[in-house]
Number of protein chains: 4
Amino acid sequence: MSTKPIRNRRLPAEARRAQIVQAVLRVVSEHGVPSATVARIAAAAGVSEGTLYVYFSSREDMLRAALDAIFGDISDLIDSTEGLSAIERLTVTARRHSELAKTEGGGFVTPWVEFIAGGPQVGLREAVAETQNKAFEKMLSIVKQGQSDGTIRTDLDARRLTWQWYTIMWAENVSYLMGLSEYIDAGHSGYSLDLLLRDATGAPPSGA
Amino acid sequence: MSTKPIRNRRLPAEARRAQIVQAVLRVVSEHGVPSATVARIAAAAGVSEGTLYVYFSSREDMLRAALDAIFGDISDLIDSTEGLSAIERLTVTARRHSELAKTEGGGFVTPWVEFIAGGPQVGLREAVAETQNKAFEKMLSIVKQGQSDGTIRTDLDARRLTWQWYTIMWAENVSYLMGLSEYIDAGHSGYSLDLLLRDATGAPPSGA
Amino acid sequence: MSTKPIRNRRLPAEARRAQIVQAVLRVVSEHGVPSATVARIAAAAGVSEGTLYVYFSSREDMLRAALDAIFGDISDLIDSTEGLSAIERLTVTARRHSELAKTEGGGFVTPWVEFIAGGPQVGLREAVAETQNKAFEKMLSIVKQGQSDGTIRTDLDARRLTWQWYTIMWAENVSYLMGLSEYIDAGHSGYSLDLLLRDATGAPPSGA
Amino acid sequence: MSTKPIRNRRLPAEARRAQIVQAVLRVVSEHGVPSATVARIAAAAGVSEGTLYVYFSSREDMLRAALDAIFGDISDLIDSTEGLSAIERLTVTARRHSELAKTEGGGFVTPWVEFIAGGPQVGLREAVAETQNKAFEKMLSIVKQGQSDGTIRTDLDARRLTWQWYTIMWAENVSYLMGLSEYIDAGHSGYSLDLLLRDATGAPPSGA
DNA sequence: AATGAATGAGTATTCATTCAT
DNA sequence: TATGAATGAATACTCATTCAT
């Protein structure tokens with residue numbers, strides 16, 4: 001009797017929350033955090049503004065939930081490389097990050113960068129830092145795994161190596177943020193990663 | 001006999017402008033660019049909002065002036081290493097940058113990071129990118145000087161090397177931004193820089 | 001059980017819109033278009049400024065809606081003479097216009113004059129001209145009807161005659177605008193109209 | 001010693017006032033009354049904003065002085081027809097008014113129209129009405145002169161005839177204001193004036 | 001007499017949040 | 001549960017006016 005969109009009534013709470021979170025991510029990707037207004041989020045989610053406040057206590061709450069979703073995606077990306085060696089996991093994860101940043105939509109990378117950029121103004125900086133920390137710990141465990149199975153030099157500080165790895169990711173993000181895509185396209189980060197991993201494995205420098 | 005401003009009345013135009021620019025930098029450091037409202041800037045400068053518009057045509061104009069002031073500080077920092085060798089200049093400039101980031105207030109580093117992170121969202125993308133480019137070119141000329149006097153390998157892409165150097169600075173900045181100062185304090189960037197410069201000079205890796 | 005608005009809450013959208021439009025007309029009558037600020041309109045409508053923007057996208061939008069309402073009233077006035085002869089319609093419409101201008105509030109005449117006088121200055125020039133043109137065409141069709149049924153000389157330019165008719169209305173409006181109601185009260189426009197219609201019908205001048 | 005513009009110092013008070021009034025007229029012609037800001041007036045007059053307040057107590061005062069200057073120009077125009085017959089004076093004055101309105105700059109007509117349009121918002125409406133009244137009386141004396149020397153029918157109400165004459169001027173102004181220059185260019189007001197003067201002199205209608 | 005730095009009240013508009021329905 | 005009408009505080013910006021120099 002009805003092909004017209006069924007009214008939004010009665011959706012399982014968890015499904016509705018997820019639907020809203022996805023809308024937040026889309027809006028943040030497209031407009032940035034400061035311009036992710038509740039009006040836009042409501043429109044993107046296909047619900048009224050009032051409904052948002054049934055599932056979230058505030059706009060900040062919605063943004064935080066989106067941040068958590070991003071961490072979930074990051075976790076999934078990292079977990080998807082399970083089975084590979086530590087060095088391979090570092091390489092593959094970095095490559096996928098670069099690819100994702102360059103694709104339309106940008107997967108979780110685009111909203112992630114927008115959160116780093118736009119976080120401070122809405123009191124989200126701490127939440128962003130916390131998410132970053134969790135992601136850091138996840139990569140750290142891979143490095144440590146590499147050290148214990150002997151593929152990564154054990155005389156290196158694992159936290160430092162992880163930090164170096166993130167350094168390259170962040171540099172891509174910052175370049176993206178400043179519109180300096182020239183540096184991303186030039187593949188500079190590939191060279192940096194290569195340099196880093198050679199040092200980590202004890203392989204001879206590429207110039208030798 | 002007294003230099004303290006008894007009342008805000010009658011200040012030479014240039015002094016007032018400078019005072020306002022300093023206020024902008026303080027507000028940006030503390031609240032980020034998107035939350036650097038004219039009300040906050042006026043309060044920080046100790047003048048009325050109307051007065052801001054006597055000296056600047058718009059909020060964007062104020063922010064741009066602050067950006068220029070930052071570039072002046074960056075230039076001064078780089079210029080202060082004149083007379084040293086290229087490698088020394090890269091090393092010293094990076095060290096001073098780290099030190100500055102750790103001091104109370106953070107010198108120009110804190111507002112600079114905020115501009116990179118929050119600028120694009122408020123229509124300052126071009127201005128931020130331009131300033132970054134000018135700073136980039138300044139370091140690039142040092143790298144090229146090193147190549148021409150033989151202290152840096154000539155088979156390396158000078159722009160890539162400069163980008164790598166900035167990568168380390170940005171990583172410090174991002175760490176600082178997220179309150180991850182642990183990584184700055186640990187001196188990780190020193191190690192990264194060392195790795196980078198070994199590669200650049202053709203020196204053997206430290207582990208050999 | 002009570003139709004009086006106990007509180008401003010929950011009014012059907014269309015009713016609220018109409019309420020605001022009426023407030024705009026009142027404010028424009030009293031203060032003129034340039035001084036019809038959103039603050040004054042909100043106060044006159046008994047709603048918050050924010051509410052205005054729920055129903056209108058901008059102040060200009062509100063003013064335009066008020067202009068449309070005026071045209072509606074003009075149309076109604078003209079349409080109410082349907083069934084009469086062309087000459088009678090010109091006479092009766094003019095008389096009702098004069099009467100309206102003299103009543104407390106001034107009906108649509110007062111805001112209409114303010115729009116003509118003050119509209120152009122606030123970017124409403126086109127909207128005002130368009131409304132005037134629509135009103136012009138409405139009277140023009142009456143003149144043409146008079147020409148085709150033979151009650152108005154066909155050797156006269158219909159547009160010119162219509163313009164002359166409006167000229168008399170505008171003169172009343174300008175007099176009203178400048179507080180020179182003496183000239184309205186004296187019925188001068190009746191004499192002018194008589195002169196005009198004698199010329200239009202080919203009747204001998206009154207002095208003959 | 002100096003070809004550079006001599007400083008504005010020490011000008012006879014009356015000359016400076018006149019200089020400012022001319023600036024006001026220019027600014028009003030170009031921008032309209034609401035946009036005739038003291039900043040613009042000061043710039044047009046080549047003096048500082050503060051100086052304006054040495055010679056005038058307020059912006060309204062400046063505008064009123066400009067209004068008086070316009071009345072002076074109107075008086076001059078009317079006086080320049082002295083020696084002619086009353087009918088000629090009415091005809092010539094109206095023609096010059098039309099011509100003036102169409103020329104670049106617009107003489108006194110442009111600012112005069114702007115004052116009628118923009119007056120209300122700055123509490124100038126009364127002053128505008130007063131000026132209009134003075135101009136009315138001046139034309140009225142010509143009509144009366146015409147009646148006493150027998151060139152204008154004495155059975156007509158002199159005030160009404162004067163009002164009819166102004167009706168035509170106002171209609172031109174209103175058309176100008178609404179951008180309906182088509183009606184000015186078509187020479188409709190010439191026809192109306194002709195009709196009016198035929199009635200005033202007792203001449204047969206043009207159609208006879 | 002002349003200046004121009006400084007102000008504060010006022011402008012239109014946006015938006016997260018509330019709450020009666 | 002879901003709505004959307006209503007709000008008020010905040011936003012950047014304008015401008016007539018004052019007053020120490």
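Scanning both residues, D:R17 and D:A65, for their nearest heavy atoms gives NH2-CB, 4.0 Å.
With rounding to whole Å, C:I41 atom CD1 is found 17 Å from E:dG10 atom P. Distance CD (B:Q19) to C1' (E:dA5): 12 Å, rounded to an integer number of Å. Atoms CG (A:L52) and P (E:dC15) sit 15 Å apart, rounded to a whole Å. Atom CD1 of D:I20 is separated from atom C1' of E:dA2 by 11 Å (rounded to the nearest Å). One interatomic measurement links the two molecules: CG of C:L63 to P of E:dT13, which rounds to 10 Å at whole-angstrom precision. Rounded to an integer number of Å, the gap from CZ of B:F56 to P of E:dA5 is 13 Å. C:Y55 has its OH atom 18 Å from the P atom of E:dT13, to the nearest Å.
Distance check: C:I41 CD1 to C:L63 CG gives 5.5 Å after rounding to the nearest 0.5 Å. To the nearest 0.5 Å, the span separating CD1 on C:I116 from OG1 on C:T131 amounts to 9.5 Å. Here the CD atom belonging to C:Q132 is positioned 10.0 Å from the CG atom belonging to C:L67, to the nearest 0.5 angstrom.
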### Task
Indicate for each nucleotide in nucleotides 8-13 of chain F, in 5' to 3' sequence, whether protein heavy atoms under 4.0 Å reach the base (B), only the sugar-phosphate (S), or nothing (-).
B--SSB

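Counting heavy atoms from C-beta on, the side chains of B:V38 and B:M62 come closer than 4.5 Å. Side chains of A:E60 and A:S58 form a contact here, defined as non-hydrogen atoms less than 4.5 Å apart. In this structure, the side chains of A:R16 and A:V54 stay at 4.5 Å or more apart for every pair of heavy atoms. You'll find the side chain of D:Y55 stays beyond 4.5 Å of the side chain of D:V21, heavy atoms only.
Listed by chain and residue number, A:L25, A:R26 satisfy the side-chain contact (heavy atoms from CB on, under 4.5 Å) test with A:Q22 (two or more places apart in sequence, or in another chain).
Listed by first residue number, the stems of DNA chain E with at least three Watson-Crick or G-U pairs below 3.5 Å are E:2-21 with F:2-21.
Between C:R16 and F:dA6, a side-chain N or O to OP1/OP2 separation shorter than 4.0 Å is present.
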